[in-house]
Amino acid sequence: MSLDPVQVMKGQEPTAIPTPTTSNGDSKGSWDSSKDVYEHKGSTKKPRSAPVRRARKVEGGIFFALDAVNTKLRELYPESEELFDIVLVTYNHAHVGIRLINTINYHNLFIERFCMTGGSSPIGYLKAWHTNLYLSADAEKVKEALAEGIAAATMFMPEKQTEVSETQLRVAFDGDAVLFSDESERIFKAHGLDKFFEHERENENTLLDHGPLKGFLELLGKLQKKFYAKGHRLDCPIRTYLVTARSAASSGIRALKTLRAWGLETDEALFLAGAPKGPMLEKIRPHIYFDDQMFHVEGAAEMGTVAAHVPYGIAQKHPHKKSSNPSK
Amino acid sequence: MDPNIITNTDVVQLPSSVIVIAVSCHGIFDLDTPTELDTLSKGPTFSFIKAIQAMNEKLTGKTPKVTLFDVIILAKDLQGNQAKIENSIKHYGLPISRCWFFNNEEFTQSLKSTNAKLFLSMDSSDVCKALQEGVPAALLCPQTQAEGDKEQVANPFKVLLSGDVMGLPEEKLSEAGLSQPQLQTFKAAKASMAEFAAVIREMRRHFAREDSPLRVTLMSVLGSSKEWASALLTARGLGLEVDEAYCLAGASSGPILNCIQPHIMCYDGLYSVTEVPALS
């Protein structure tokens, strides 16, 4: 079976990245172009791995995890080309290219594909690469990609990252407006918590509509099944998590039913009933966490998790108020 | 048999410092659809001529006495269509100074007589022949653009360089199982790279960086990122400023080419090779 190449593009890293201190022949002093570096990570027919991390080796965690996944996949399915593939996409002009490669080599990052658009919009290229996920630090580009139907999220790097596994890729997702559409979120924002509960109860058996990252979860699931087929159910190198503010006993049921109807599952589902997500994420230690609300993204980053904001849905117009954190 | 040379009197005769470009007629005009009219309709590579025209005009706007290009049309086996081609050139107001008509057997000789610095054609075997003769040559790429001159002129003139020619060592290609003809074309392309670069450099020279109607793109399909980096360094060494660069490392080039939409493309003999895994 041939899957379309799954591509994840990781975009721009935030500017607060320390420049490497050792010299590499090429001057690194002006690595302020790091602002413009976009990374493209994805699982495609070809192998590759994680988004570019900066400076410290501990931040290379996701690369190693993705590489570990690819290695296992190649071992088990040597004929298959379904692997993670990272493409680095940048607005920079090509004269930055050499410095870029030197830096990537310096950090031992496994990126082989590059797309330097010299100022043109990368959106056309995202489509040409059949991008499955686009990560960037530039929210505008992420919104453009989402508008074109490409799963995308804005990256936020924590000041101090918690250590992550180098052998198991862990991806955590929020539910509403990430995996699912924002329809329930809308009810909550417009009519409050009680109405939300009522609505979810009434519609328990109605499937939620899909959200921008449903496709990515689906692809992760496909790869997982390949491992299961070869007897690696317990030690699967990919693990997925649902981390939602919904309650297990009530509103969470609809979420689970929807996932099941889609033939998807996450390895773990955490229903926080409104509790803050940061501490939970710190325990899970995902390599990346997707959420549609900046409040949660910031919370996650504060606790050392790499978080990605999905600028989709009603939450963008009505940001979460910090004072009230009701359970759902 | 002497080539039949038609001079376009609408175009002023140019000094010898200009860049002589020989372009194949096929593609510029639509020669396949039979027509009753005196003129031919535009072909898929018509926009190339318009882009050249735009560059010339931009330059003339700055320094009126300088013209950049002398474009010659090479019409192989088209003696029957002479009148139509002539009329079409005038009809569209194209900056073409001469039109050479000849037979297939006279191709290389005719090409050499033009003293062209660059030969462009949609036909890859013609491009191969030119390369073998030591004439820098590139593929003319059909443009998938909307109808109407406006769209075709607005885009900058895009040149696509082969990162594989510039960065990939030949030994790796034989390992990859390329055929002899492919290897020969690759070598010929490599040999004429410096001259090709000189032509591009000459074009670049007349325009400021920010406002340049010329855009140089480098794409490497087979080579790994190391070889791509090496290609970028080679380009720099040849005095070429590259605007966009892509390293596909074995990914299929079709969709990316569609995005880039180059007007002309370096033919490295690997054009049809899309499934070869990346060499590293």
Side-chain angles (χ1 to χ4, degrees), chain A residues 2 4-7 24-26 38 40 42 44-48 52 74 78-81 83 85-106 108-131 148, chain B residues 144 155-156 158-161 163 166-167 209-212 214-262 274-280:
Chain A
S2 64
D4 269 348
V6 178
Q7 297 258 347
N24 194 12
D26 223 35
Y38 289 72
H40 180 149
T44 59
K45 284 192 179 150
K46 322 254 161 139
R48 222 62 64 142
V52 172
R74 264 178 256 139
E79 298 301 316
S80 171
E81 289 186 325
L83 297 154
D85 185 12
I86 299 196
V87 178
L88 191 80
V89 176
T90 168
Y91 280 90
N92 276 309
H93 281 251
H95 64 265
V96 175
I98 295 158
R99 197 186 305 159
L100 194 62
I101 294 191
N102 285 337
T103 310
I104 286 169
N105 289 338
Y106 171 76
N108 284 320
L109 302 170
F110 314 109
I111 300 181
E112 275 300 313
R113 301 205 163 104
F114 297 82
C115 199
M116 311 192 72
T117 66
S120 316
S121 164
I123 304 293
Y125 295 97
L126 294 188
K127 288 183 170 173
W129 284 103
H130 297 292
T131 304
E148 296 288 329
Chain B
T144 52
N155 292 334
K158 272 190 154 173
V159 177
L160 182 63
L161 304 172
M166 296 176 100
R209 189 70 192 274
E210 307 79 52
D211 202 20
S212 180
L214 172 71
R215 215 159 156 81
V216 178
T217 306
L218 182 124
M219 182 170 85
S220 115
V221 179
L222 288 190
S224 69
S225 60
K226 284 199 186 66
E227 280 130 12
W228 180 69
S230 167
L232 285 171
L233 280 171
T234 307
R236 197 191 278 177
L238 289 171
L240 286 174
E241 278 172 14
V242 180
D243 295 299
E244 301 176 23
Y246 303 93
C247 177
L248 302 189
S252 71
S253 55
I256 308 293
L257 277 176
N258 238 358
C259 266
I260 299 174
Q261 291 268 298
T274 49
E275 300 307 332
V276 178
L279 309 171
S280 52

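Just so it is clear: chains get the letters A, B, ... in the order the sequence lines come, proteins before strands, and each one is counted from 1. Note that these values count all heavy atoms, side chains included, but never hydrogens, waters or copies made by symmetry.
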In terms of heavy-atom pairs under 4.5 Å with chain A, which of B:Glu241, B:Lys226, B:Glu244 leads?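 It is B:Glu244.
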Which heavy-atom pair separates B:Cys247 from A:Trp129 by the least distance, and what is that distance?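 For B:Cys247 and A:Trp129, the tightest heavy-atom pair comes out as O-CH2, 4.1 Å.
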Where is the tightest heavy-atom contact between A:Thr117 and B:Tyr246, given as atom of each residue plus distance?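 Smallest heavy-atom distance, with atoms named: CA-OH, 3.7 Å.
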With the side chain counted from C-beta on, respond yes when [X] and [Y] share a heavy-atom pair under 4.5 Å apart, and no when they do not.
X	Y	result
B:Ser225	A:Phe114	yes
B:Trp228	A:Ile98	no
B:Arg215	A:Ser120	yes

Treating A:Arg113 as the side-chain partner and B:Leu248 as the backbone partner, does any N or O pair qualify as donor plus acceptor under 3.5 Å?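 Side chain of A:Arg113 to backbone of B:Leu248, a donor-acceptor pair under 3.5 Å: yes, one is there.
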So how far is it from B:Leu232 CG to A:Leu100 CG, rounded to the nearest 0.5 Å?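 Reported value, rounded in 0.5 Å steps: 10.0 Å.
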Return the SG to NZ distance between B:Cys259 and A:Lys127, rounded to the nearest 0.5 Å.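 B:Cys259 SG to A:Lys127 NZ: 9.0 Å, rounded to 0.5 Å.
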Sort B:Leu218 into side chain, backbone, both or neither according to what part of it lies under 4.5 angstrom from a heavy atom of chain A.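 Neither part.
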